[in-house]
Amino acid sequence: KNEVEQSPQNLTAQEGEFITINCSYSVGISALHWLQQHPGGGIVSLFMLSSGKKKHGRLIATINIQEKHSSLHITASHPRDSAVYICAVSGGGETSGSRLTFGEGTQLTVNP
Amino acid sequence: DAGVTQSPTHLIKTRGQQVTLRCSPISGHKSVSWYQQVLGQGPQFIFQYYEKEERGRGNFPDRFSARQFPNYSSELNVNALLLGDSALYLCASSLQPHSSYEQYFGPGTRLTVT
């Protein structure tokens, strides 16, 4: 079993829909990261959180430490949101320091 | 300020050859980490370096090695290339190698082994 599990693996939405991507982890962590990867490979950090909720524009990330679960929400989705969204954790368990342990990623496609 | 840079962008090598990938961190960042991302999977941790010393190593064979230079840039070397080494190699830098510090990723080097 992977230390970081994401669902769904693939998600197709219509423009304007509310989107939720889920992440569960099985180890102790210091922080959870949500990242975005576009075709071609570059990875951009969206959020780094250790508790509660963060919001940036149309993106919202929440984490429940007790349940070892995090969600990434996208409101009013747009075709430019199409990308792979990756959950990663740092610190604790088999991880150490700032090294990241990644989930498999969720491929999001938003159709116009 | 420039972000994390990596070179080359793309590389094609033959089985058995050796390859060197390069990474320059964001100015002021002293920690560099390397990750391997095989197509369709999430990245896997290879190495972390801080102040020229190895601070962590993932589950990769000894064919993989790395080093960090006094200017904090880093090289990843892979010897005796196998087809399975074909992947996107990502470099990330942070101020320090602690989990409270955010990592910033470079664009990656796509290695194809034929």
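Note on naming: letters A, B, ... go to the chains in the order of the sequence lines (proteins, then strands), and numbering restarts at 1 for each one. From a predicted model like this one, the values you see are computed outputs, not experimental measurements.
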What residues of residues 75-90 of chain B sit under 4.5 Å from chain A when you count only heavy atoms? B:Leu88, B:Leu90

Cluster check A:Leu32, A:Phe47: I/L/V/M/F/W/Y, side chain < 4.5 angstrom: yes

Does B:Leu21 share a hydrophobic cluster with B:Phe60, counting links as ILVMFWY side-chain heavy atoms below 4.5 Å and allowing steps through other members? yes

Taking atom CZ as the centre, does B:Arg63 end up with more than 12 heavy-atom neighbours from other residues, nucleotides or ligands that are less than 6.0 angstrom away? yes

Where on A:Gln9 is there a heavy atom nearer than 4.5 Å to chain B: the side chain, the backbone, both, or neither? neither

Quick check: closest heavy atoms across A:Arg99 and B:Arg57, and the distance to 0.1 Å? NH1-O, 3.9 Å

Around atom CG of B:Asn59, are there more than 12 heavy atoms of other residues, nucleotides or ligands at under 6.0 Å? no

Same apolar cluster: A:Ile21 and A:Ile60, side chain cutoff 4.5 Å: no

B:Phe105 versus A:Ile43, closest heavy-atom pair with distance: CB-O, 3.6 Å

Cut-off 4.5 Å, heavy atoms of chain A, and the answer for B:Tyr35 is side chain

Would you mind writing out the side-chain donor-acceptor pairs for residues 102-112 of chain A within the sub-3.5 Å range, not counting sequence neighbours?
from     : atom 1 : to     : atom 2 : distance (Å)
A:Thr106 : OG1    : A:Gln6 : NE2    : 3.2
A:Thr106 : OG1    : A:Pro8 : O      : 2.6

Give a yes or no on this: more than 12 heavy atoms of other residues, nucleotides or ligands lie within 6.0 Å of atom CD1 of B:Ile12. no

Nearest 0.5 angstrom please: B:Gln37 CD to A:Ile86 CD1, how far? 5.5 Å

How many angstroms lie between CE in A:Met48 and CD in B:Gln103, if you round to the nearest 0.5 Å? 9.0 Å

Find out if a path of hydrophobic residues (ILVMFWY) with successive side-chain heavy-atom gaps under 4.5 Å connects A:Leu100 to B:Phe45. yes

Partner residues of B:Glu51 under the salt bridge (charged side-chain N to carboxylate O under 4.0 Å, His left out) criterion, sequence neighbours left out: B:Lys30

Common cluster, A:Ile74/A:Trp34, ILVMFWY with side-chain heavy-atom separation under 4.5 Å: yes

Expected contact set for residues 107-114 of chain B against chain A at heavy-atom separation under 4.5 Å reads B:Pro107, B:Arg110

Heavy-atom distance under 4.5 Å to chain A: side chain of B:Gln6, backbone, both or neither? neither

Chain B: which of A:Ala31, A:Ser45, A:Cys87 shares the most heavy-atom pairs with it under 4.5 Å? A:Ser45

